[in-house]
Amino acid sequence: MLNLILFGPPGAGKGTQSEKILSQYGLKHISTGDLLRAERSAGTDLGNKANDFISKGELVPDAVVIGMVKNYMTENVDANGFIFDGFPRTIAQAEALDSMLQEFNTEISIVLGLEVEEDELVKRLLLRGETSGRADDQNEETIRNRFQEYLNKTLPIQNYYSEKNKYNGVVGIGDIDEIFSQLCSHLDKF
Ligand code: AMP
């Protein structure tokens, strides 16, 4: 199995690059943001509770997202591997992911981090907000809050995987296909 974490701050291009990687490597895509938005659209309890956090740019509690990922993986036991996009976002989530993968007799193969600075991210997200229909992309304060959450809670994960020799950073600014080929050069080693 090839299990990839596509890591990086909001707006770094994780969704765009995930789409390209999926079609090339035949992996299953797990985007916790997409799963949460689907719950919200379906009007489930989980979706309604998550919406309070999403609209403020805060992280949804760990137990909620970990449960969703576990369900998704259990429903896709035959997959060749997974791309984790927007998950894990806390050390607790990273530890939970390690144990889940262990239950499936597998592990994280590699973590690829798209590295983009804050002002560029804010610009990109506000632009995306004009067409994405996502309220959390339309308000600069919410965007900056998402970035703060990233710095405080998510960035420590980079170290977590560096210590396991699994983290590789890639410059996330420039031509989309060029960035994709940088990612492929890492993935082709597996
Ligand atoms: P995204 O689509 O990945 O930008 O996520 C949008 C929002 O969903 C985030 O700002 C969080 O509120 C929530 N979210 C998505 N993934 C996670 C996660 N792994 N842990 C906690 N909250 C999450």
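Whatever order the structure lists ligands and atoms in, that order sets their numbers, starting from 1.
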Note to self: Whether the Tyr150 and Asn145 side chains hold a donor-acceptor pair (N or O, under 3.5 Å, no angle test) is what I'd like checked.
What the structure shows: no
Next item on the list: Return the protein residues near ligand 1 (heavy atom under 4.0 Å from any of its atoms), ordered by chain and residue number.
Entry: Thr32, Gly33, Leu36, Arg37, Ile54, Glu58, Leu59, Val60, Val65, Gly86, Phe87, Arg89, Gln93, Arg134, Asp136, Arg146
Next item on the list: Please identify each residue that fulfils salt bridge (charged side-chain N to carboxylate O under 4.0 Å, His left out) with Asp136, with sequence neighbours left out.
Entry: Arg134, Arg146
Checklist line | salt bridge (charged side-chain N to carboxylate O under 4.0 Å, His left out) against Glu19, all qualifying residues, sequence neighbours excluded | finding: none
Check: Heavy-atom distance under 4.5 Å between the side chains of Val116 and Arg124, does that happen here?
Finding: yes
Note to self: Taking ring-ring contact (aromatic ring centres under 6.0 Å, His included) as the cut-off, I'd like each qualifying pair that reaches into residues 80-138, sequence neighbours left out, listed once.
What the structure shows: Phe82-Phe84
Check: So which heavy atom on Ile66 is nearest to which on Ala96, and how close?
Finding: CD1-CB, 3.6 Å
